Asks: 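Okay, here's the structure, questions in a sec.
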Amino acid sequence: MRQDDLYINKIDWVTIAIYAVLLLIGWINIYAAVYDEQFPKSIFDLSINSGQQLVRIGAAVLIILLIMVADYRLFENLSWILYFIFLAFLIVTPFIGKEVNGQTLSVGIGSFRIQPAEFAKFTTALALAKFMERPSFDLSKVKHQMQALAIIMLPVVFIMLQPDTGTAMVYSAFFIMLYREGMPQRYYALGLTFIAISLLALGLENNLYLVGGVIVVIFTLIMIGKKKVSKVIGFSLLGLAIIAYSYSLDYVVSKLPEHQQNRIMILFNPDLDPLGAGWNVTQSKIAIGSGGFFGKGYLEGTQTKFDFVPEQHTDFIFCTLGEEFGWLGSLVVVVLFCALLIRLVMLAERQKNRFSRVYGYCVISILFFHFMINIAMTIGLFPVVGIPLPFFSYGGSSLWSFTILLFIFIKLDSHRIQLLGRMG
C-alpha cells in the first residue's frame, strides 16, 4: 500500500463529517435569517449574506486542502513565528484597523478584511503546545505556570485595547487544557469561588446576606480546624477579603462602559431595560420559545422575517434555528456539537506526543467555550458579549479561524504514528 493511502486512512473522517453537517446547517440558517418573502432571492445570490458565506465556505475548503497537503511538522516548527506575527497584528489593529460601533477589530484592504483576534486563538494554541511539549515542563511548578499564563495573557492585553471583551474572554478557555495537563486544582477552586461570590454580590439586593453567609462558613471552617491560632487568623483574613471584594465589586462595575454595565445587570433583571439593553435577549428568547417542539418551518419564522432580533445571522444565529426548527432542531445541533467535542477528546487522548495532545485540548477548550457561551447568551443565561457560534455564525474570520484550528489538529492526528518517537 502506498504511503498516501496510509495517510488517507488515518484521517478522522467522522470529525470531518460532523464539521460538514454543522457548516451546512449553519449556512441554510444564515439564509433564513436574511430571507425576505416580499423580495425572495436565491440562497446562492452573492448580494445577500448566504451567497457571501458560500464564497467563504469555498475559501475554507481551500484552506482545508492546504492544511492537509502541508508537512505535518510545519505547524510545530512555525508555532512561535505565527504567534508573534498575529501578536504584531493585534498591536497595530487599533491604529490601522476599521472602527465599527466603537471597536477597531479588523484590518485589511478594501472590502477584504480579517479580525486578527480570531486567528490569534489558534496561534496561541500552537505556541502553548510548543512551549509545554518540553520534557522538563511541569505545571506543578509556579515558574512554568506563570510562563504558560504569560503566553495566554499577552494577546488578551492587546485584544482589550480594541476593545473586544468577548474575544478576550475566550482565552480563559485555555484553563480547561491546563487542567488536563496538571494545573493544581486549588486554582480552579479559587476561580469557582471568585465567580460564585461575584454572582452573589451582583445578584443580591443587599450584600448583608452575603456577609452573613461568609461569616457562617468561616466560623464553620474555624471550628473544623480545631480553633488553631493559625487557622483562625487565616480563615478570618480570607473572610475579610471576600467581604471587601463583594463591596468593591459595585464600584468596579460602575467604572465599566455603560453598555457593559447594562449587559451585566440585564442578566440578573431581564426586565430592567426591555427596549434597550435587554432587547436582543428578550427577542431571542421569544423567537426560540415561539418555535415550540417542531418549529414554525424553514423560512417561516416571524421573529426572523421582521428583524426583531438584531445580529440574527451572526451572534444570535441560534435563535433562528430555535424558531424555525423548534426544540427538536435545536437538540439535533446541540447533540452534533457534543458529538464533535467528545470525538475530539477521544482524538486528543490517543495522541502519541504532548504537542499534539496539548493542541488538541486547546481546540476542544475553545470550541466548547464558544458553543457554551453563545447558546447561553441567546437564552439569557449569560451577558451579551459578541461571541459567534462555531461554523454557524456569518463571517469569514470566525469561519476560517475555527476551520484552521480544527483541521490542524485533524492533520496532526492523521500523523500520530510518525510522532510516536516524541512522547510527552
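All figures in this text were calculated on a predicted structure; none of them were measured in a lab. All heavy atoms count here, side chains included; hydrogens, waters and symmetry mates do not.
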Asks: Do Y245 and S198 have side-chain atoms, one donor and one acceptor, less than 3.5 Å apart?
Replies: yes
Asks: Dump the intermediate steps for side chain to side chain contact (heavy atoms under 4.5 Å, CB included) on I11 and K411, then the final yes or no.
Replies: CA-CA 7 Å; I11 295 175; K411 175 70 175 180; over 6 Å; no
Asks: Among L82, L87, I81, exactly one meets side-chain contact (heavy atoms from CB on, under 4.5 Å) together with F84. Which residue is that?
Replies: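 Considering L82, L87, I81, a side-chain contact (heavy atoms from CB on, under 4.5 Å) with F84 is found only for L87.
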Asks: Is the backbone of I288 close enough, under 3.5 Å, to the side chain of E323 for a donor and an acceptor to pair up by distance?
Replies: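 Judged by distance alone, no pair lies under 3.5 Å.
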Asks: Could you go step by step and tell me if F337 and I375 meet the side chain to side chain contact (heavy atoms under 4.5 Å, CB included) rule?
Replies: CA-CA 11 Å; F337 270 109; I375 293 180; 5.6 Å; no
Asks: Could you walk me through whether I30 and F392 pass the side chain to side chain contact (heavy atoms under 4.5 Å, CB included) check?
Replies: CA-CA 8 Å; I30 288 172; F392 258 69; over 6 Å; no
Asks: Kindly say whether P388 contributes a backbone atom to a donor-acceptor pair with the side chain of S393 at under 3.5 angstrom?
Replies: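 No.
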Asks: Any non-hydrogen side-chain atom of I408 less than 4.5 Å from a side-chain atom of F122?
Replies: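 Yes; the side chains approach each other to less than 4.5 Å.
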Asks: Counting the benzene-type ring for Trp, do F137 and F131 have ring centres under 6.0 Å apart?
Replies: yes
Asks: Check the pair S356, N353 against side-chain hydrogen bond (donor to acceptor under 3.5 Å, both in side chains), reporting the backbone distance first and the verdict last.
Replies: CA-CA 6 Å; S356 298; N353 77 319; 2.9 Å; yes
Asks: Scan side-chain atoms only and decide if H415 and K352 contain a donor-acceptor pair under the 3.5 Å cut-off.
Replies: no
Asks: Between CG of D164 and OG1 of T93, what distance do you get to the nearest 0.5 Å?
Replies: 10.5 Å
Asks: Please indicate whether F369 has more than 12 foreign heavy atoms, meaning atoms of other residues, nucleotides or ligands, lying under 6.0 Å from its CZ.
Replies: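 Correct, the count exceeds 12.
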Asks: Just by distance, with hydrogens left out, do Y359 and E76 show a side-chain donor and acceptor under 3.5 Å apart?
Replies: no
Asks: Within a strict 4.5 Å, meaning less than it, do heavy atoms of the F407 and L66 side chains meet?
Replies: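 Sidechains of L66 and F407: no contact.
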Asks: Check whether any side-chain heavy atom of F402 lies under 4.5 Å from a side-chain heavy atom of L406, and answer yes or no.
Replies: no
Asks: Looking at K10 and D413, is any side-chain nitrogen of the basic one under 4.0 Å from a carboxylate oxygen of the acidic one?
Replies: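 Judged by the 4.0 Å cut-off on N to carboxylate O distance, D413 and K10 do not form a salt bridge.
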Asks: To the nearest 0.5 angstrom, please state how far the CZ atom of F158 sits from the CE atom of M160.
Replies: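 It is 13.5 Å, given to the nearest 0.5 Å.
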Asks: Can you name the ring pair (Phe, Tyr, Trp, His ring centres under 6.0 Å) partners of F325, sequence neighbours left out?
Replies: Y298
Asks: Rounded to the nearest 0.5 Å, what separation is found between the CG atom of L367 and the NZ atom of K121?
Replies: 9.5 Å
Asks: Between M372 and M377, is there a side-chain heavy-atom distance shorter than 4.5 Å?
Replies: no
Asks: Tell me the side chain to side chain donor-acceptor pair (under 3.5 Å) pairs involving residues 174-184, sequence neighbours left out?
Replies: R180-E349, E181-R354, E181-R357
Asks: Measure the CG-OG distance between D315 and S284 for me, rounded to the nearest 0.5 Å.
Replies: 10.5 Å
Asks: Dump the intermediate steps for side chain to side chain contact (heavy atoms under 4.5 Å, CB included) on Y35 and K41, then the final yes or no.
Replies: CA-CA 8 Å; Y35 179 75; K41 294 182 179 180; over 6 Å; no
Asks: Nearest 0.5 angstrom please: E118 CD to I159 CD1, how far?
Replies: 8.5 Å
Asks: Under the ring pair (Phe, Tyr, Trp, His ring centres under 6.0 Å) rule, collect the residues that match up with F175, sequence neighbours excluded.
Replies: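 Scan of F175 (ring pair (Phe, Tyr, Trp, His ring centres under 6.0 Å), adjacent residues dropped) gives none.
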Asks: So, Y171 versus F174, ring centres under 6.0 angstrom or not?
Replies: yes
Asks: Give the C-alpha distance, both sets of side-chain angles, the deciding distance and a yes or no for side-chain hydrogen bond (donor to acceptor under 3.5 Å, both in side chains) between Y394 and Q52.
Replies: CA-CA 9 Å; Y394 173 81; Q52 295 165 16; 2.5 Å; yes
Asks: When you check the side-chain N and O atoms of D12 and T15, is any donor under 3.5 Å from an acceptor?
Replies: yes
Asks: Ignoring hydrogens and angles, state whether a donor on the side chain of K296 or S290 is under 3.5 Å from an acceptor on the partner side chain.
Replies: yes
Asks: So that I know where these two stand, are F44 and W27 an aromatic pair - ring centroids less than 6.0 Å apart?
Replies: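 Distance test on ring centres: under 6.0 Å, yes.
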Asks: Just by modelled atom types, is the I387 backbone N or O under 3.5 Å from a matching donor or acceptor in the N374 side chain?
Replies: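 Looks like yes, one N/O pair under 3.5 Å.
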Asks: Do Y72 and S414 pair up side chain to side chain, a donor and an acceptor below 3.5 Å, judged on atom types alone?
Replies: no
Asks: Look only at the side chain of Q53 and the backbone of G395, and say whether a donor-acceptor pair between them is shorter than 3.5 Å.
Replies: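 Between the backbone of G395 and the side chain of Q53 there is a qualifying donor-acceptor contact (under 3.5 Å).
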Asks: Keeping the roles fixed (side chain from H370, backbone from P390), state whether a donor-acceptor pair exists under 3.5 Å.
Replies: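 The answer is no, because no donor-acceptor pair under 3.5 Å joins these two groups.
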Asks: State the OG-CG distance between S172 and L178, to the nearest 0.5 angstrom.
Replies: 11.0 Å
